Amino acid sequence: MKLTKLLLSSLLFCFALSPSFAQSNDVDEITGRAKKKRVLGQITWLKDGEGFSTLEWNSKVGANDVVRYEAKNDARSILIPAEKFIDKATGKPIGVSSFQWSDDNSKILIFNNTKRVWRYNTRGDYWVLDLTNGNLRQIGKDKPESTLMFAKFSPDGKKVAYVSLNNIYVEDVETGATTALTTDGCDYIVNGTFDWVYEEEFYCRDGFRWSPDSKYIAYWQSDTRGTGTFYMINNVDSIYSKPIPLPYPKAGTTNSAVKVGYVSADGGATKWIEIPGDPRNNYIPRMEFIPGTNRLFIQQLNRPQNTNKVWIADINTSKLENIFEDKDEAWLNTNDNIQWSKNNEYFTWESDRSGWRQLYFVRADGKEIKPITNGEFDIVRQVGIDKQKGYVYYITTMTNYTQRYLYRSKLNGKGKPELMSPVSQQGQHSYNMSPTGKWAIHTFGSSTTAPIVTMEKFPEAKVVRVIQDNEEAQARFNKMNLTPKEFIKLDLGYITLDAYMIKPKDFDPTKKYPVIIDVYGEPAGSTVQDNWTGGDIAAHRQADKGYIMVSIENRGANVPRGREWRKCIYKQIGIHASADQAAGIKKMGEMFPFIDMERIGITGWSGGGSTTLQCMFRYPELFKTGIAIAFISHQKLYDSVYQERYMNTPQNNPEGYEETAPVKYAKNLKGNLLLIHGTGDDNVHYQNLELLVDELVKHNKMFHMMAYPNRSHGIYEREGTSQHLQMLREKYWEDYLPAGGR
């Protein structure tokens, strides 16, 4: 149901596209991906805050140089030449997927030979390169290939800790001596990383932390025994089917038991932190050491996720104290960017308590909370803090919810928010700020502007130079002379919604055109955004076939419009979304006579697939054709963390689960419906399709379906999959929602 990061970029503009739209050279034609002069995704600010490192390919050696660029003048120097990445045993260069520096920048830890774990490549091999002597050595050589996870230096740079096969190890960088900190890791005991649901819903992957003095490691342990096992079936890789077991807690069922503890980096017994509460009915999604101390800052969410308790655990004294508690009548999110100030006397905290997501200072004893930001706007994310000059920088928007800008506020809470992004650049801005807050790499783009990357000096936000102008991509986009994406306000009386539409090139306002609505509709994402997605070339080309391409942002979507907007959907997922989609397209029909209200199509993926079903079943007279992909047909089939966050448990909200289940309304289907699912979907199980099919058959409803064997939630694995999926959708629109003005 939730948009995974894997789908986030593709889902938002993933309409029913022709095969040509899905080919990579279409997007490359616009974006000019191959022409980047440096690997911006690998930029790492160095400790001094005056420069950053990145990877650049050295074709002579066949490996990457690690290069430093100075923030002030772009002066380039090679920190580590590619020749240093040659394995002496084989004489061949090792690949570098990513890297990290030791705190003193004397060593580099290299991650390569990576393997996918559910959604991301978090398993692989690690190497340490000592820059003082040029020694390159593989870490964990005695472990099976590509089994190491989350390796990182100790703060003093003398050791590296990592996870392998659910156990935690520490290895001496110089001698290679290895100590097993845990030995009980197995299929059901998970040390130093997480089970499926923590990884998917809390973004928990790296499950251990070094203490600032390098003497201890604190870590999570998950016991998945008692959690229900869901079985996926592989029917295509052998003559006998193979079951694939997945411990997966569905809504209202037993969760893993999760606890945190700490152990000496030299080995020994783990000391478990005795946090009150049933470990299967509370969550510990965040744990970090307070800077410069051996005290742990722990966030504990109750099972309904409407209470977040902050605990301080002192590992020197074993003292545990609950210092702060945040509550909400609906749900709370984790606080992911805690910043400490005034010698750890205060920490920052984001909260909806005012009705808007604002930033606060909380005293370390929890006895005082005072606002840093104040106003009717939601902080989207923090960018950085300049403690010396007394500013916090953050992304938000004050009026246009399709756009994002940088603002700053004084840390003392006085004064009004100050806009830092250029007023002339209407669209979306992001910033990668240096540790000191003195410099930032600024990226700006919009639906018609290819991203422009600049270096800026703060606190003035003065552009020092352009890092990447994307002029070629912009020229290609302009040359195509595409019809602009039009952003629209839909005043429904009870709420005003943002929407967009894209018209065909040969648009004739005297004719009526069919509509394809791209929908998501749930709290994990949004679709109506003035950002760059390769010029939306796919959506434009689909429009040019004779469609009006539309997206409508319903209540509950992840948009910074305040607590009421985001949380009014509590305990009734899908109801407001489908009502707003229906009212929104009706309003567009009134506003624009060229919209053919007899030819309305809708499509979505994941949560958008569920919203598609809600619209098709609840408003069958309005939505004539739908394509639902990787959808939830009943909320009780999805995982406990996500579904209970927005619905509470089925035990506490039985009517809500039944009333919001798309399958309950399947009997109302009147239009054309195509169901698409991967049988190997570990996120939204194929079971959802079968449950819905069973109900549709029961009511003698005709529909179409496509199952992709062993494909996951993204439905992209194996040869030909992506192209076939695009062709399937295109043909369905052609057959059941004929294009063209009439």
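In what follows, residues are counted from 1 in the order of the sequence shown. As the structure is a computational prediction, the values presented were derived from the model and not from experiment.
- Formation of a donor-acceptor pair under 3.5 Å by the D206 side chain with backbone atoms of F150 is not found in this model.
- K319 contributes atom NZ, which lies 9.5 Å from atom CZ of R295 (distance to the nearest 0.5 angstrom).
- Within 6.0 Å of atom CD in E174, 12 or fewer heavy atoms from other residues, nucleotides or ligands are found, so the atom counts as exposed in its surroundings.
- Side-chain contact between V197 and T227 is absent, with no heavy atoms from C-beta onward closer than 4.5 Å.
- The number of heavy atoms from other shown groups lying within 6.0 Å of CD (Q388) does not exceed 12.
- One side chain, N255 or Y283, offers a donor N or O that lies under 3.5 Å from an acceptor on the other.
- Donor-acceptor pairing under 3.5 Å is lacking for the side chains of N135 and D130.
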Verdict with reasoning, E56 to R76, per side chain to side chain contact (heavy atoms under 4.5 Å, CB included)
CA-CA 11 Å; E56 290 187 356; R76 179 183 183 274; 3.0 Å; yes

Distance-only check: which donor-acceptor pairs under 3.5 Å involve side-chain atoms of residues 259-275, not counting sequence neighbours?
{"residue": "S264", "atom": "OG", "partner": "D266", "partner atom": "N", "Å": "3.1"}
{"residue": "D266", "atom": "OD1", "partner": "K159", "partner atom": "NZ", "Å": "3.0"}
{"residue": "T270", "atom": "OG1", "partner": "Y219", "partner atom": "OH", "Å": "2.7"}

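- Atom CD1 of I323 is separated from atom NZ of K367 by 11.5 Å, given to the nearest 0.5 angstrom.
- Of the charged side-chain nitrogens involved, at least one lies within less than 4.0 Å of a carboxylate oxygen, so that R119 and D682 count as a salt-bridged pair.
- Applying side-chain contact (heavy atoms from CB on, under 4.5 Å) to V190 and the options N167, N166, D223 leaves one that passes, N166.
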Tell me, with the steps shown, if E368 and Y346 meet side-chain hydrogen bond (donor to acceptor under 3.5 Å, both in side chains).
CA-CA 9 Å; E368 180 185 9; Y346 288 91; 2.8 Å; yes

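- Considering every non-hydrogen atom in both F458 and A440, the closest pair reads CE1-CB, 3.5 Å.
- Distance check: F361 CZ to T348 OG1 gives 7.0 Å after rounding to the nearest 0.5 Å.
- Using a 4.5 Å heavy-atom cutoff, the side chains of K389 and R408 are not in contact.
- Ring geometry for F202 against Y198 counts as perpendicular: the plane angle is over 60°, on a 0 to 90° scale with 30° as the lower cut.
- By the 30° and 60° cut-offs, the orientation of the rings of W349 relative to F347 is perpendicular.
- In terms of heavy atoms, F153 sits closest to W210 at O-CD1, 3.3 Å.
- Of the possible donor and acceptor atoms, one in the side chain of E717 sits under 3.5 Å from a partner among the backbone N and O of S712.
- For NZ of K215, the number of neighbouring non-hydrogen atoms (other residues, nucleotides, ligands) closer than 6.0 Å is 12 at most.
- Contact check for I441 versus W45: side-chain heavy atoms found under the 4.5 Å cut-off.
- Between L109 and Y126 the shortest heavy-atom distance is CG-CD2, 3.9 Å.
- More than 12 heavy atoms of other shown residues, nucleotides or ligands fall within 6.0 angstrom of atom CG in N316.
- In D187, the CG atom is not crowded: 12 or fewer heavy atoms of neighbouring residues, nucleotides or ligands sit closer than 6.0 Å.
- No donor-acceptor pair under 3.5 Å is formed between the side chain of Q358 and the backbone N or O of P371.
- With S146 contributing its side chain and K115 its backbone, the two residues share no donor-acceptor pair below 3.5 Å.
- Residue N133 holds its CG atom at 9.0 Å from NZ of K107, rounded to the nearest 0.5 Å.
- N337 is listed as a side-chain neighbour of Q339, based on a closest heavy-atom distance under 4.5 Å.
- Taking 4.5 Å as the limit, every side-chain heavy atom of D336 sits out of range of all side-chain heavy atoms of Y203.
- Put simply, the side chain of V61 does not reach to within 4.5 Å of the side chain of F85, judged on heavy atoms.
- Proximity of E201 to S640: side-chain heavy atoms (C-beta onward) are nowhere separated by under 4.5 Å.
- The 12-atom threshold is exceeded at NZ of K370, counting heavy atoms of other residues, nucleotides or ligands nearer than 6.0 Å.
- Using a 3.5 Å distance cut-off with no hydrogens or angles, the side chains of W311 and Q300 do pair a donor with an acceptor.
- At a threshold of 4.5 Å between non-hydrogen side-chain atoms, the residues P523 and N558 do not count as touching.
- Contact detail for D326 and S351: the closest heavy-atom pair is OD2-OG, 3.2 Å.
- To the nearest 0.5 Å, atom OG of residue S222 and atom OH of residue Y188 are 14.0 Å apart.
- In summary, K327 and E325 engage in a salt bridge, as defined by a charged side-chain N under 4.0 Å from a carboxylate O.
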Given ring-ring contact (aromatic ring centres under 6.0 Å, His included), test Y216 with F289 step by step and report yes or no.
CA-CA 11 Å; Y216 297 94; F289 278 99; 8.1 Å; no

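- Contact check on K143 versus E171 returns no salt bridge, with no Lys/Arg side-chain nitrogen under 4.0 Å from an Asp/Glu carboxylate oxygen.
- Contact detail for K72 and W439: the closest heavy-atom pair is CA-CH2, 3.5 Å.
- The main-chain N or O of A177 is never found under 3.5 Å from a side-chain atom of T179 such that the two would form a donor-acceptor pair.
- Between the K410 side chain and the G390 main chain, no donor and acceptor come within less than 3.5 Å of each other.
- A side-chain contact (heavy atoms from CB on, under 4.5 Å) with F208 holds for exactly one of T182, T193, I217; it is I217.
- Atom CD1 in I108 sits 7.0 Å away from atom OG in S53 (nearest 0.5 Å).
- What you find for R357 and E350 is that their closest heavy atoms are CD-OE1, 3.5 Å.
- The ring of F297 has its center closer than 6.0 angstrom to the ring center of W340.
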